[in-house]
Amino acid sequence: MIGDLRQMWRLLALSPARVAVAIAWGVAALGSGLGLAALAAWLIARAWQMPPVLDLSVVVVAVRALGISRGLCRYLERLATHDVALRAMTTARTSVYRTLAQSDVWWWRDRSTRDGQVSSGAPVERNGANDAARELRRGDVLVRVGADIDDLGAVVVRVLVPVAVAVVLSLAAVGLIAVISPLAAVILAVALGVSGLVAPWLSAMAAREAEQAVRADRAEFTAEGLTVLDHAAELRVAGRLDAALAVADQASHRAVIAEDSAASRSAWAAAATPLSIGVSAFGALLVGIAAYGPTGGLPGGMTPMALTILVLVPLSAFEAVAALPAAATALTTSRAALHRLRGISAGALRELAQPRSAPARPGARDTARQVPMPSGRRVVVVGPSGAGKTTLLMAWAGLFDTPRDGVTFFAEDAHLFGTSILENLRVARGDLTIDEAESALRAVGLGPWLDSLPDGVRTSLTAGAAAVSGGQRRRILLARALVAPAHTLLLDEPTEHLAAAEGDQLLLGLLDATSGLVAPDRTVVVVTHQLPVGHRADTIVTVDATGACHVDHLRAAPR
């Protein structure tokens with residue numbers, strides 16, 4: 001757990017000074033409440049004795065001041081805590097996307113990870129998170145890079161600050177009661193321990209059960225739901241729509257059952273704090289009654305003011321520890337989110353901008369795995385629709401098995417985000433400059449269009465792909481492929497939706513190592529339906545309707 005907290009702290013780049021300020025305001029807020037309870041109890045009992053009003057004036061002013069400061073400090077604590085959390089979430093998202101954008105395959109894996117160490121210093125999980133990441137679907141990725149980073153940010157608001165404040169206030173409350181009655185202080189300490197340790201432990205167990213079952217089923221439901229939404233027509237034609245809907249419904253049903261199971265432990269955790277409050281208050285009352293009286297009861301006796309403080313202060317002391325069960329739940333959720341984020345791959349994130357094609361025919365993946373990538377700098381894959389050409393490219397990229405370093409797959413229907421043209425190109429390479437972006441766009445024939453835009457590459461595509469035509473979208477995606485740092489580019493239908501002459505011209509440039517469109521030492525593999533006349537491809541891979549491949553080497557592969 002300590003290691004996970006350190007990784008969270010590092011990923012969120014938390015500022016110790018800002019966290020300390022948030023904790024200080026939290027202690028001041030709940031400390032004002034604790035002081036208010038003690039002074040109010042003393043004032044009530046002392047006023048019962050009807051002393052001169054001037055004897056109470058200082059305490060009356062102090063009660064008013066504490067009442068005001070409690071609300072003010074709580075407001076400032078919320079401001080400070082959320083400031084830290086929002087800064088941390090922004091930093092985490094920036095760090096995650098920048099690392100993914102600069103990585104060919106795995107996030108948190110350096111190019112020198114052959115020794116089994118990641119850049120953060122943690123060992124590579126060879127059979128755990130990485131294996132799971134290879135099977136990620138679009139729904140899984142959306143859950144991980146969206147809700148999981150939010151869960152990490154909640155650590156500040158719901159875990160770090162509440163736990164620190166609870167520890168400080170619990171010690172203060174026990175110390176205050178110990179001055180009056182050590183026995184009552186022991187009772188309060190035990191009750192606070194039950195509320196601050198047992199209840200959070202039960203909440204953590206409930207959260208762990210929910211995390212292991214509910215999250216998996218919710219992710220399955222999300223993934224299946226996206227599949228149905230994206231490919232309803234194809235699934236209906238294939239007769240698989242009802243089956244896909246049934247799988248999604250079963251996943252949702254399992255999630256509900258798991259939530260009900262975890263709720264029982266949550267109920268016990270919720271009951272622990274009120275029970276502890278009652279035991280503490282009753283115990284303090286019995287101790288106070290036994291000791292009450294200046295001449296009777298226990299040796300030393302107890303004044304009315306002390307008795308009132310002894311009974312009422314514990315009620316306020318539990319306000320701090322009442323947040324700990326929720327803190328334990330948030331910590332469990334955040335740890336699970338951290339582990340999932342450690343297992344996500346750059347290739348998986350790029351699925352947001354890539355494969356959304358219809359489900360491959362049965363056995364297509366196994367067949368594609370058996371076909372090695374042919375030699376040659378310029379390779380063409382041709383064949384009828386549905387033969388498995390896209391699946392073949394994905395297999396060569398290692399998206400079904402072990403991802404290949406330096407190989408990047410760009411799908412025909414890759415996503416355009418609702419941001420600037422420049423940032424859409426930076427999906428492939430995060431350090432891309434404006435000049436490099438403009439050169440790539442002009443290379444694919446978007447020069448006139450770019451010149452017509454008032455903000456150039458900084459023009460925002462407000463509606464994503466809907467902001468451009470089909471041809472412009474394909475050219476932007478092709479420019480994104482060209483600026484990618486990978487040595488091998490796997491391009492799926494890069495000239496679709498372009499006019500025949502323009503598409504042929506682009507294909508000729510892509511398949512000619514001397515055209516200057518793609519560096520001669522880089523490998524380009526293109527899926528297309530029709531080869532232009534006069535192309536200069538090294539190798540042609542023909543995929544027939546059964547998925548079988550035939551390779552023709554037109555010229556010797558360059559060394």
Side-chain angles (χ1 to χ4, degrees), residues 1-2 4-5 8-9 12 19 22-23 25-27 29-31 33-34 37 70 74 77-78 81-82 84-85 147-148 150-174 187-215 218 255-283 313-339:
M1 178 181 294
I2 300 300
D4 288 343
L5 287 174
M8 290 180 194
W9 189 285
L12 295 171
V19 174
I23 292 174
W25 283 122
V27 171
L30 292 185
L34 187 65
R70 180 182 182 181
R74 174 53 63 91
E77 180 262 333
R78 291 297 182 186
T81 303
H82 283 79
V84 175
D148 285 348
D150 291 340
D151 290 339
L152 283 184
V155 168
V156 179
V157 179
R158 299 180 181 177
V159 180
L160 295 180
V161 173
V163 170
V165 171
V167 171
V168 174
L169 266 297
S170 296
L171 293 176
V174 173
I187 296 174
L188 176 61
V190 172
L192 287 172
V194 172
S195 181
L197 296 176
V198 177
W201 176 70
L202 291 173
S203 294
M205 291 185 63
R208 191 176 300 112
E209 290 182 358
E211 191 64 36
Q212 292 173 350
V214 177
R215 271 301 179 93
R218 288 298 182 197
V256 172
I257 294 176
E259 287 171 345
D260 290 341
S261 176
S264 61
R265 295 185 185 275
S266 298
W268 282 108
T273 297
L275 180 63
S276 299
I277 294 175
V279 170
S280 177
F282 186 67
V313 166
L315 299 178
S316 179
F318 281 91
E319 184 178 0
V321 298
L324 295 187
T329 300
L331 179 59
T332 302
T333 302
S334 299
R335 292 179 64 197
L338 176 67
H339 294 163

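For reference, positions follow the sequence shown, starting with 1.
Of the listed residues (Val163, Val167, Val161), just one forms a side chain to side chain contact (heavy atoms under 4.5 Å, CB included) with Ile23, and that residue is Val161.
A pairwise comparison of heavy atoms in Arg70 and Gly33 identifies CD-CA, 3.9 Å as the closest pair. In plain terms, the two heavy atoms of Val159 and Ala330 that are nearest each other are CG2-CB, 3.8 Å. When all heavy atoms are compared, the tightest approach of Gly153 to Ala85 is O-CB, 3.7 Å. Heavy atoms only, all atoms of each residue included: Asp151 and Ser334 are closest at O-OG, 2.7 Å. Pairing each heavy atom of Leu315 with each of Ala281, the nearest pair is CD2-CB, 4.1 Å. For the pair Gly196 and Pro200, the tightest heavy-atom approach, listed with the atom from each and the gap, is O-CG, 3.1 Å.
Other residues, nucleotides and ligands place more than 12 heavy atoms under 6.0 Å from the CH2 atom of Trp9.
Taking OG of Ser195 as the reference point, atom CG of Leu275 lies at 9.5 Å (rounded to 0.5 Å). Atom-to-atom distance recorded for Thr273:OG1 and Leu192:CG is 10.0 Å, nearest 0.5 angstrom.
When atom types are taken as modelled, the side chain of Thr81 and the backbone of Glu77 share a donor-acceptor pair closer than 3.5 angstrom. In this structure, Ser276 contributes its side chain and Ala272 its backbone to a donor-acceptor pair below 3.5 Å.
Side-chain contact check for Phe318 versus Leu188: some heavy-atom pair is nearer than 4.5 Å. No side-chain heavy atom of Leu331 sits less than 4.5 Å from a side-chain heavy atom of Arg158.
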Give the C-alpha distance, both sets of side-chain angles, the deciding distance and a yes or no for side-chain contact (heavy atoms from CB on, under 4.5 Å) between His82 and Val156.
-> CA-CA 8 Å; His82 283 79; Val156 179; over 6 Å; no
